2 protein chains.
Amino acid sequence: MNNKNLDAMSFLLKLISDKTRLRMLAYLKNGEMCVCEFVDLFTLTQPAISQHLKKLRTAGVVQERKQGTWVYYRLSPDLPNYISQILENLPSLKAKSCDCQTREDLIQLESLK
Amino acid sequence: MNNKNLDAMSFLLKLISDKTRLRMLAYLKNGEMCVCEFVDLFTLTQPAISQHLKKLRTAGVVQERKQGTWVYYRLSPDLPNYISQILENLPSLKAKSCDCQTREDLIQLESLK
DNA sequence: TTTAAATATAAGCCAATGATAATATAATTG
DNA sequence: CAATTATATTATCATTGGCTTATATTTAAA
């Protein structure tokens, strides 16, 4: 069915064309990002961030990796080529370190005692 | 400004990711289409079709050519490559002839009298 | 110049979507 | 286990966007 493809493309394109989610993907081009980093970088509440990430995850655009209470997100491999092309055209945004304590911070703090 | 690019991409992607407009673009891959053809092909009212085409036109995705009361639309040349890539991945839909009388029909009808 | 056909615009309605506040869950630490 | 931190979920609200009806515009035909 032709409409199957068309509907799927419509769904996926609409999903990633949201300004916030597109910006998230621009950050993810440079590698994994922790949820707390997004919360730090965007002027949005944590639930809003969480909901955007859920949409990206459910659609298979990103994958998660849990590490303690932290959750890291990364781009899925093998995205459709028209999606990859969009990602390539995105400016690649660079994340600064965020306020939340990373596991590494904690380990380091621990070792300093 | 990075956000300028990002916002522009978000705007354009959101614009073409609508299911109806994406289907219109799939038809336009095969060449010009008359408004009346779209009206014929879609189960939508004429104003709805017209509004979709206006959005595509205003955003520079399609161009129009007026011929009498008929208006033909075609894909704009030199679209951003990430948009072209999307178009390539679209199924190319084939239009049947529509009910509206074309100029050619009228000329032919005239000559038969 | 009246009529008809093709298209565009305007106004109002409704559904989808993104945002927030409040709450829940889960893992870690003390 | 009680408290804290990070994240997720739920409920609700406001905005956006697409659809329809009604109307306007434009061009060609009679």
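Not measured: the values here are computed from a predicted model. Letters A, B, ... are given to chains in the order of the sequence lines, protein chains preceding strands, and every chain is numbered from 1. When reading the values below, keep in mind they use all heavy atoms of this one structure, side chains included, and skip hydrogens, waters and symmetry mates.
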Round to the nearest Å and state the distance from [X] atom [atom1] to [N] atom [atom2].
| X | N | atom1 | atom2 | result |
| --- | --- | --- | --- | --- |
| B/Trp70 | C/dA4 | CH2 | C1' | 11 Å |
| A/Lys55 | D/dA8 | NZ | P | 15 Å |
| A/Gln67 | C/dA27 | CD | C1' | 12 Å |
| A/Lys14 | D/dG18 | NZ | P | 8 Å |
| A/Asp18 | C/dA16 | CG | C1' | 13 Å |
| B/Leu56 | D/dG18 | CG | C1' | 13 Å |
| A/Lys66 | C/dT25 | NZ | P | 14 Å |
| B/Asp40 | C/dA5 | CG | P | 15 Å |

Taking side-chain contact (heavy atoms from CB on, under 4.5 Å) as the definition, give me every residue that meets it alongside [X], ordered by chain and number, with sequence neighbours left out.
| X | result |
| --- | --- |
| A/Asn30 | A/Ser92, A/Lys94 |
| B/Thr45 | B/Pro47, B/Ala48 |
| B/Ser76 | B/Gln63, B/Leu79 |
| B/Val39 | B/Val35, B/Gln46, B/Ile49 |

Restricting both atoms to N or O, compile the protein contacts to nucleotides 12-16 of chain D shorter than 3.5 Å, with distance only.
none

Taking only N and O in the side chain of [X], is any of them less than 4.0 Å away from OP1 or OP2 of [N]?
| X | N | answer |
| --- | --- | --- |
| B/Lys54 | C/dA8 | no |
| A/Tyr72 | D/dA6 | no |
| A/Thr69 | C/dT25 | no |

Would you tabulate the side-chain donor-acceptor contacts of residues 16-26 of chain A under 3.5 Å, counting partners in other chains and residues two or more places apart, or write 'none'?
from: A/Ser17; atom 1: OG; to: A/Leu13; atom 2: O; distance (Å): 3.1
from: A/Ser17; atom 1: OG; to: A/Lys14; atom 2: O; distance (Å): 3.0
from: A/Asp18; atom 1: OD2; to: A/Thr20; atom 2: N; distance (Å): 3.0
from: A/Asp18; atom 1: OD2; to: A/Arg21; atom 2: N; distance (Å): 3.0
from: A/Arg21; atom 1: NE; to: A/Leu15; atom 2: O; distance (Å): 2.5
from: A/Arg21; atom 1: NH1; to: A/His52; atom 2: ND1; distance (Å): 3.0
from: A/Arg21; atom 1: NH2; to: A/Leu15; atom 2: O; distance (Å): 3.2
from: A/Arg23; atom 1: NH2; to: A/Leu41; atom 2: O; distance (Å): 3.2

Which residue, A/Thr20 or B/Glu64, contacts DNA chain C at a nucleotide closer to its 5' end, judged by nearest heavy atom?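 Looking at DNA chain C, the more 5' nearest nucleotide goes with B/Glu64.
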
Heavy-atom contacts under 4.0 Å between residues 43-53 of chain B and DNA chain D, which residues?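 The stretch gives B/Leu44, B/Thr45, B/Pro47, B/Ala48, B/Gln51, B/His52 as the residues lying under 4.0 Å from the strand, ordered by number.
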
Answer yes or no: does atom NZ of B/Lys29 have more than 12 heavy-atom neighbours from other residues, nucleotides or ligands under 6.0 Å? yes

May I ask you to say what B/Tyr73 touches in the nucleic acid, namely base, sugar-phosphate or nothing, with a heavy-atom cut-off under 4.0 Å?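 B/Tyr73: backbone/sugar contact only, no base atoms under 4.0 Å.
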
With salt bridge (charged side-chain N to carboxylate O under 4.0 Å, His left out) as the rule and sequence neighbours excluded, what pairs involving residues 74-90 of chain A come up? A/Glu32-A/Arg74

Taking ring pair (Phe, Tyr, Trp, His ring centres under 6.0 Å) as the definition, give me every residue that meets it alongside B/Phe11, ordered by chain and number, with sequence neighbours left out.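 Here no residue qualifies.
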
Side chains of B/Leu12 and B/Pro80: does their closest heavy-atom pair fall under 4.5 Å?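 A side-chain contact under 4.5 Å exists here.
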
